Amino acid sequence: MEGKGKVNGVAAMAACYQGFDPAAYLQYNYTPPRADFDRKDSIVPWKLACLHRAFTEGDVRGELLVDIGSGPTLYQVLSGCEVFNKVLLTDFLEVNRQELRGWLDNEGGCNLDWTPYLQHVCKLEGRRPSAWTEKAAKLRQVITDIVPVDVHRPQPLALDALPSEGADCLVSCFCLESVSPDLAAFTRALGHIGRLLRTGGHLLLIGALGESYYFGGPGVRIPVVPLNEAQVCASLKESGYTLIRLEVYTLPQDMRVGVDDVSGVFFVKAIKE
């Protein structure tokens, strides 16, 4: 019965996502005030700074970076594309993969202009903001594919999606807690994606703290596992990762804009044992 419960919980989560609207999600979370690049306390600049720091410290390196559960977003690989020669984007939903293809094909089919993000990361890298066109070209050059992923399967990607030794680095942002029915499923998903990572490879994980739901579109309320810092650390340890760094951001009141009940965000840098 326990196994059946696991399956039913995961199936219920998948059903929640059938109404997911990439355009609405991007509007809710990736425009001001949450993406105000003139504010130091805005959530998106905080995330970009965490990722920039992790990708430029020198120990995160290799050939292949895999983004687990990309959603309809690109910000999470804007720093990594300067370090890795190959970047693989993944998502469970075809509508999100289509959104990403729209940007990759550069035919104007995107629901969000990523230019301010590209410009901001260029500034973090000490480059002029006008270098964003070079960064966009670099990202399009290194993205090798956009493929389906299911973190609840022991093998989340197709067998031929990765080299036999695995990826050198995984990044995953707001995915695992948002698609898991409970803490145990979140922990199992961490273990599943770890099988895609080579021993000694890095995991860069961003997720929500204290969040029980978010809106994936008008009237589309999606449940989330409400996590605290201790639970994140325990799940990482149980799943075979060694924590290098945990950083926490607390949302200012005006960032709580009614599209979720998130209270904070965590950033993790970890290594696979």
Side-chain angles (χ1 to χ4, degrees), residues 13-14 16-17 20-30 34-35 43-44 47-48 50-52 54-55 60 64-84 86-106 109-114 117-118 121 135-136 138-153 156-158 161-162 166-180 186 189-190 192-194 196-197 201-208 214 216-217 222 224 265 267-268:
M13 286 300 305
C16 289
Y17 275 89
F20 187 88
D21 181 345
Y25 175 80
L26 290 167
Q27 178 65 33
Y28 296 158
N29 295 286
Y30 294 98
R34 290 188 169 184
I43 183 172
V44 166
K47 291 187 289 186
L48 291 173
C50 287
L51 290 163
H52 165 72
F55 279 117
V60 179
L64 176 62
L65 168 66
V66 178
D67 182 25
I68 301 294
S70 304
T73 65
L74 289 161
Y75 71 91
Q76 59 273 26
V77 294
L78 295 185
S79 292
C81 75
E82 303 292 343
V83 179
F84 292 87
K86 296 178 181 178
V87 174
L88 180 66
L89 304 181
T90 74
D91 201 72
F92 180 74
L93 294 177
E94 172 58 24
V95 289
N96 284 336
R97 300 195 298 270
Q98 195 59 44
E99 175 74 21
L100 296 171
R101 288 188 202 106
W103 183 86
L104 191 60
D105 295 342
N106 200 18
C110 280
N111 284 298
L112 186 73
D113 180 7
W114 291 102
Y117 288 75
L118 291 155
V121 176
K135 178 174 278 293
K138 177 69 176 290
L139 183 55
R140 288 189 172 100
Q141 175 190 341
V142 300
I143 292 175
T144 58
D145 208 348
I146 303 164
V147 301
V149 67
D150 185 344
V151 300
H152 297 302
R153 293 182 178 272
L157 294 175
L162 298 182
D168 299 294
C169 179
L170 302 180
V171 60
S172 187
C173 300
F174 302 104
C175 172
L176 304 186
E177 74 279 12
S178 301
V179 301
S180 297
F186 169 83
L190 264 176
H192 293 162
I193 67 170
L196 306 173
L197 187 62
H202 285 85
L203 171 69
L204 305 179
L205 189 67
I206 293 178
Y214 78 96
I222 298 176
V224 180
V265 177
F267 170 81
V268 156

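Quick caveat: nothing in here was measured; it's all calculated off a predicted structure. Residue numbers count from 1 along this sequence.
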Problem - Closest heavy-atom pair and its distance - Cys81, Leu78 - result: SG-O, 3.4 Å

Fill in the blank from the handout: Separation between CG (Asp67) and OH (Tyr75), nearest 0.5 Å, reads 8.5 Å

Practice task
Please report the C-alpha distance between Leu112 and Trp103 in whole Å, then the side-chain angles of each, then the deciding distance to 0.1 Å, and finally whether the side-chain contact (heavy atoms from CB on, under 4.5 Å) criterion is met.
Solution key: CA-CA 9 Å; Leu112 186 73; Trp103 183 86; over 6 Å; no

Fill in the blank from the handout: To the nearest 0.5 Å, atom CG of Leu170 lies from atom OG1 of Thr90 at 9.0 Å

Problem - Heavy-atom closest contact (His152 atom, Val179 atom, distance) - result: NE2-O, 2.7 Å

Practice task
With rounding to the nearest 0.5 Å, note down the distance linking CG in Leu89 to CG in Leu139.
Solution key: 7.5 Å

Problem - Close side-chain approach of Pro148 and Arg97, heavy atoms under 4.5 Å - result: yes

Exercise for the section: Check whether any side-chain heavy atom of Cys169 sits under 4.5 Å from a side-chain heavy atom of Phe55, and report yes or no. Expected result: yes

Practice task
Measure up the Trp114 and Tyr30 rings against each other and bin them: parallel (under 30°), tilted (30 to 60°), perpendicular (over 60°).
Solution key: tilted

Exercise for the section: Could you tell me whether the side chain of Val44 reaches within less than 4.5 Å of the side chain of Tyr117, counting heavy atoms only? Expected result: yes

Exercise for the section: For side-chain contact (heavy atoms from CB on, under 4.5 Å), just list the numbers for Glu82 and Lys135, CA-CA rounded to whole Å, side-chain angles, deciding distance to a tenth of an Å, and then say yes or no. Expected result: CA-CA 8 Å; Glu82 303 292 343; Lys135 178 174 278 293; 2.9 Å; yes

Fill in the blank from the handout: Rounding to 0.5 Å, atoms CD1 (Ile68) and CG (Leu204) come to a distance of 12.0 Å

Problem - Within the 6.0 Å centroid threshold, strictly below: Tyr214 and Phe174 - result: no

Practice task
Apply the side chain to side chain contact (heavy atoms under 4.5 Å, CB included) test between Val87 and each candidate in Val66, Leu64, Val77; give the one that qualifies.
Solution key: Val77

Practice task
Might you point out which heavy atoms bring Leu100 and Pro72 nearest each other, and give the distance in Å?
Solution key: CD2-C, 3.8 Å

Handout entry: Any side-chain heavy-atom pair of Leu196 and Pro156 under 4.5 Å
Key = yes

Practice task
Grab the two heavy atoms, one from His202 and one from Val60, that are nearest each other, plus how far apart they are.
Solution key: CG-CG2, 3.7 Å

Practice task
Any chance you could measure Leu74, atom CG, to Arg140, atom CZ, to the nearest 0.5 Å?
Solution key: 8.5 Å

Handout entry: Short side-chain to backbone donor-acceptor contact, Thr73 and Ser70, under 3.5 Å
Key = yes

Problem - Residue pair His192 / Val151: nearest heavy atoms and the distance that separates them - result: ND1-O, 2.8 Å

Exercise for the section: Check whether any side-chain heavy atom of Ile193 sits under 4.5 Å from a side-chain heavy atom of Leu203, and report yes or no. Expected result: yes

Problem - Enclosure of Arg153 CZ (heavy-atom neighbours >12, cutoff 6.0 Å) - result: no

Problem - Arg34 versus Ile43, closest heavy-atom pair with distance - result: O-CG2, 3.1 Å

Exercise for the section: Give, for atom CG of Leu26 and atom SG of Cys110, the distance between the pair rounded to the nearest 0.5 Å. Expected result: 9.0 Å

Practice task
Please answer whether the main-chain N or O of Phe186 pairs with a side-chain N or O of Glu177 as donor and acceptor at a distance below 3.5 Å.
Solution key: no

Problem - Leu65 side chain reached by Val171 side chain, heavy atoms, under 4.5 Å - result: yes

Handout entry: Arg101 side chain reached by Glu94 side chain, heavy atoms, under 4.5 Å
Key = yes

Practice task
Could you tell me whether a side-chain N or O of Asp91 sits under 3.5 Å from a main-chain N or O of Gly71, the two making a donor and an acceptor?
Solution key: yes

Problem - Side-chain heavy-atom pair Leu88, Leu157 within 4.5 angstrom cut-off - result: yes

